[in-house]
**Q** 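Take this structure, written in structure tokens, and hold onto it; I'll ask about it next.
In the text below, chain A, chain B and the rest are named by the order of the sequence lines, each starting its count at 1. Worth saying up front: this structure is predicted, and the values here are computed from it rather than measured.
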There are 2 protein chains.
Amino acid sequence: MANEASYKHKKVINIGVVKELTGLSQRQIRYYEERKLIFPDRTSGGIRKYSFTDIEILMDIANKIEEGVQTREIRQEMVRKQSVNNEQHRKMIQGQINAHFGIRRK
Amino acid sequence: MANEASYKHKKVINIGVVKELTGLSQRQIRYYEERKLIFPDRTSGGIRKYSFTDIEILMDIANKIEEGVQTREIRQEMVRKQSVNNEQHRKMIQGQINAHFGIRRK
DNA sequence: CGTGTAAGGAATTCTGACACG
DNA sequence: CGTGTAAGGAATTCTGACACG
């Protein structure tokens, strides 16, 4: 059976449902994509497909917008967090490599 | 944050995606509904909405059909399993009630 | 019984633009 | 900057029916 968590990231949801689940307008949802805050997939016909993760992100965005944060700032924050994650991930991988090979000496 | 597992049961997926994910035709998917094997939601406009659970069920159905099992038999099997589950659930609840109140005596 | 298909219509989504600010 | 809206078109989905078997 497939990993359950993968459902969360699978892009299968139309904008109409995203609208229902987030309370945002289609205009808002598309605008946040234009501002590079979300990245839906597309069908061959051009229909946007979102994941549950996208929906969670959109709700976070909505909160920040309400607080007066600009999309530009939200975007910068996302990029920053991403590079932090990448760094943490790099360190973790390196740690695993060390655990396997690093300490041992001939 | 919402229970992650709830994503699995949320009916948000259009038949086109279900078709992609299961490899079944729209005709087949709709027919299995007619035979009461799956129960998608509907939008106010009448568009069917499926969950990831529905997709899993559809893949099970597809396997059984391939094995030559009739929809009628699959249906009966589902009903049987459901009543077993209900019975187990009843017993479990009763067990919890007993654990709380049953053993103690004044 | 289970599935394909053509038919016509309806619901949904898409883009680009104008508007306000 | 962020969002609403009317406009026209395209992609998607729906139902009921005929067909084969």
Side-chain angles (χ1 to χ4, degrees), chain A residues 10-80, chain B residues 10-52 54-79:
Chain A
K10 208 139 181 69
K11 310 236 176 192
V12 295
I13 307 175
N14 274 14
I15 198 167
V17 171
V18 175
K19 181 180 144 183
E20 297 302 315
L21 267 40
T22 62
L24 296 168
S25 68
Q26 300 194 179
R27 183 70 163 99
Q28 289 173 306
I29 298 167
R30 295 197 189 106
Y31 180 66
Y32 301 151
E33 177 184 359
E34 188 185 319
R35 301 312 311 271
K36 297 184 195 302
L37 300 180
I38 40 169
F39 306 92
D41 280 355
R42 297 270 186 153
T43 65
S44 56
I47 305 294
R48 272 170 268 249
K49 294 294 180 183
Y50 302 86
S51 67
F52 282 110
T53 308
D54 290 330
I55 289 173
E56 290 182 352
I57 294 173
L58 280 168
M59 299 182 81
D60 289 344
I61 294 171
N63 286 333
K64 285 176 189 158
I65 293 282
E66 255 186 313
E67 292 168 17
V69 186
Q70 291 196 329
T71 56
R72 175 169 250 299
E73 303 172 295
I74 299 173
R75 164 79 175 149
Q76 290 168 343
E77 197 181 316
M78 288 179 70
V79 173
R80 248 181 283 118
Chain B
K10 208 138 180 70
K11 308 233 177 195
V12 295
I13 307 175
N14 274 14
I15 198 167
V17 171
V18 175
K19 182 181 145 183
E20 299 301 316
L21 267 40
T22 61
L24 296 168
S25 68
Q26 299 194 180
R27 183 68 163 100
Q28 289 173 307
I29 298 166
R30 295 199 189 104
Y31 180 66
Y32 301 151
E33 177 184 358
E34 187 185 320
R35 300 314 310 272
K36 296 185 197 301
L37 299 180
I38 40 169
F39 305 93
D41 280 355
R42 299 270 187 154
T43 66
S44 57
I47 306 294
R48 272 171 267 250
K49 296 293 181 184
Y50 302 86
S51 67
F52 283 110
D54 289 331
I55 289 172
E56 291 182 353
I57 295 172
L58 280 168
M59 298 182 82
D60 289 344
I61 293 171
N63 286 333
K64 286 174 187 158
I65 293 283
E66 255 186 314
E67 293 168 16
V69 185
Q70 291 195 331
T71 57
R72 175 169 249 301
E73 302 171 295
I74 299 173
R75 165 79 175 151
Q76 288 168 344
E77 198 181 316
M78 288 179 69
V79 173

**Q** Side chains of B/V18 and B/L58: closer than 4.5 Å at any heavy-atom pair?
**A**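 Counting from C-beta outward, B/V18 and B/L58 do come under 4.5 Å.
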
**Q** Please give, in whole Å, the distance from C/dA17 P to A/E34 CD?
**A**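 About 12 Å, once rounded to whole Å.
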
**Q** Any side-chain N or O of B/N14 less than 4.0 Å from the OP1 or OP2 oxygen of C/dT12?
**A**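 Answer is no, no contact under 4.0 Å.
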
**Q** Quick test: give all pairs of protein nitrogen or oxygen and nucleotides 3-5 of chain C nitrogen or oxygen below 3.5 Å, distance rounded to 0.1 Å.
**A**
from	atom 1	to	atom 2	distance (Å)
C/dT3	OP1	B/Q28	NE2	3.0
C/dT3	OP1	B/Y32	OH	3.1
C/dT3	OP2	B/Y32	OH	2.8
C/dT3	O4	B/R27	NH2	2.8
C/dG4	OP2	B/S25	OG	2.6
C/dG4	N7	B/R27	NE	3.1
C/dG4	O6	B/R27	NH2	2.9
C/dT5	O4	B/R27	NE	3.3

**Q** To the nearest angstrom, how far is A/E33 atom CD from C/dC14 atom P?
**A**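 One finds 8 Å between P of C/dC14 and CD of A/E33, rounded.
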
**Q** Just checking, is any N or O donor in the side chain of A/S25 or A/Q28 under 3.5 Å from an acceptor N or O on the other one?
**A**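 Looking only at side-chain atoms, A/Q28 and A/S25 do form a donor-acceptor pair, the distance falling under 3.5 Å.
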
**Q** Once you round it to whole Å, what is the distance between P of D/dG2 and NZ of A/K36?
**A**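 Taking atom P of D/dG2 as the reference, NZ of A/K36 is at 15 Å.
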
**Q** Rounded to the nearest angstrom, tell me the gap between atom CD1 in B/I61 and atom P in C/dG2.
**A**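 Going from B/I61 (CD1) to C/dG2 (P), I get 11 Å.
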
**Q** Check the distance between C/dG2's P and B/I38's CD1 and give it to me in whole angstrom.
**A**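 These atoms are roughly 14 Å apart.
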
**Q** In plain terms, say whether B/D41 and B/R48 are close enough for a salt bridge, that is, a side-chain N and a carboxylate O under 4.0 Å apart.
**A**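 Answer for the salt bridge query: no.
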
**Q** Taking the side chain as C-beta and beyond, is there a heavy-atom pair between A/K36 and A/M78 under 4.5 Å?
**A**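 No, every pair of side-chain atoms sits at 4.5 Å or beyond.
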
**Q** In whole angstroms, how far is the C1' atom of D/dT13 from the CG atom of B/L24?
**A**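 Distance, rounded to whole Å: 17 Å.
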
**Q** Output every pair passing side-chain hydrogen bond (donor to acceptor under 3.5 Å, both in side chains) with a member in residues 67-76 of chain A, not counting sequence neighbours, ordered by first then second residue.
**A**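 Listed once each, the pairs are A/R35-A/T71.
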
**Q** With a cut-off of less than 4.0 Å, is there a side-chain N or O of A/R48 near OP1 or OP2 of C/dT13?
**A**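 The answer is no; no side-chain N or O of A/R48 sits under 4.0 Å from OP1 or OP2.
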
**Q** Write down the distance between NZ (B/K49) and P (D/dT13), rounded to a whole number of angstrom.
**A**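 In whole Å, D/dT13 P lies 8 Å from B/K49 NZ.
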
**Q** Nearest to the B/I15 side chain among D/dT15, C/dT13, D/dT13, which nucleotide is it?
**A**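 Selected nucleotide (nearest to the side chain): D/dT13.
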
**Q** Using Watson-Crick or G-U wobble geometry with both distances under 3.5 Å, which nucleotide pairs with C/dG8?
**A**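 Its partner is D/dC14.
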
**Q** Taking a pair as Watson-Crick or G-U wobble with both distances under 3.5 Å, which nucleotide is matched to D/dT3?
**A**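 Base partner found: C/dA19.
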
**Q** Taking only side-chain nitrogens and oxygens of A/R30, does any of them come within less than 4.0 Å of OP1 or OP2 of C/dG16?
**A**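 No, no such contact exists.
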
**Q** Assuming nearest nucleotide by heavy-atom distance, tell me which of B/R35 and B/T43 is located more 5' along DNA chain C.
**A**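 With B/R35 and B/T43 compared, the 5'-side residue is B/R35.
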
**Q** Just so I know, are the side chains of A/I15 and A/R30 near enough to count as touching, which here means a heavy-atom distance under 4.5 Å?
**A**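 The answer is yes, as the side chains (C-beta and beyond) meet within the 4.5 Å cut-off.
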
**Q** Need one value for A/R72: base, sugar-phosphate or nothing, where a base atom within 4.0 Å counts as base even if backbone is also close, heavy atoms only.
**A**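 No contact at all - A/R72 keeps every heavy atom at 4.0 Å or more from the nucleic acid.
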
**Q** Between D/dT15 atom P and B/I29 atom CD1, what is the distance in whole Å?
**A**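 Rounded to the whole Å, the gap is 13 Å.
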
**Q** Determine, for A/E33 against A/R42, whether the closest basic-nitrogen to carboxylate-oxygen distance falls under 4.0 angstrom.
**A**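 Yes, this pair counts.
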
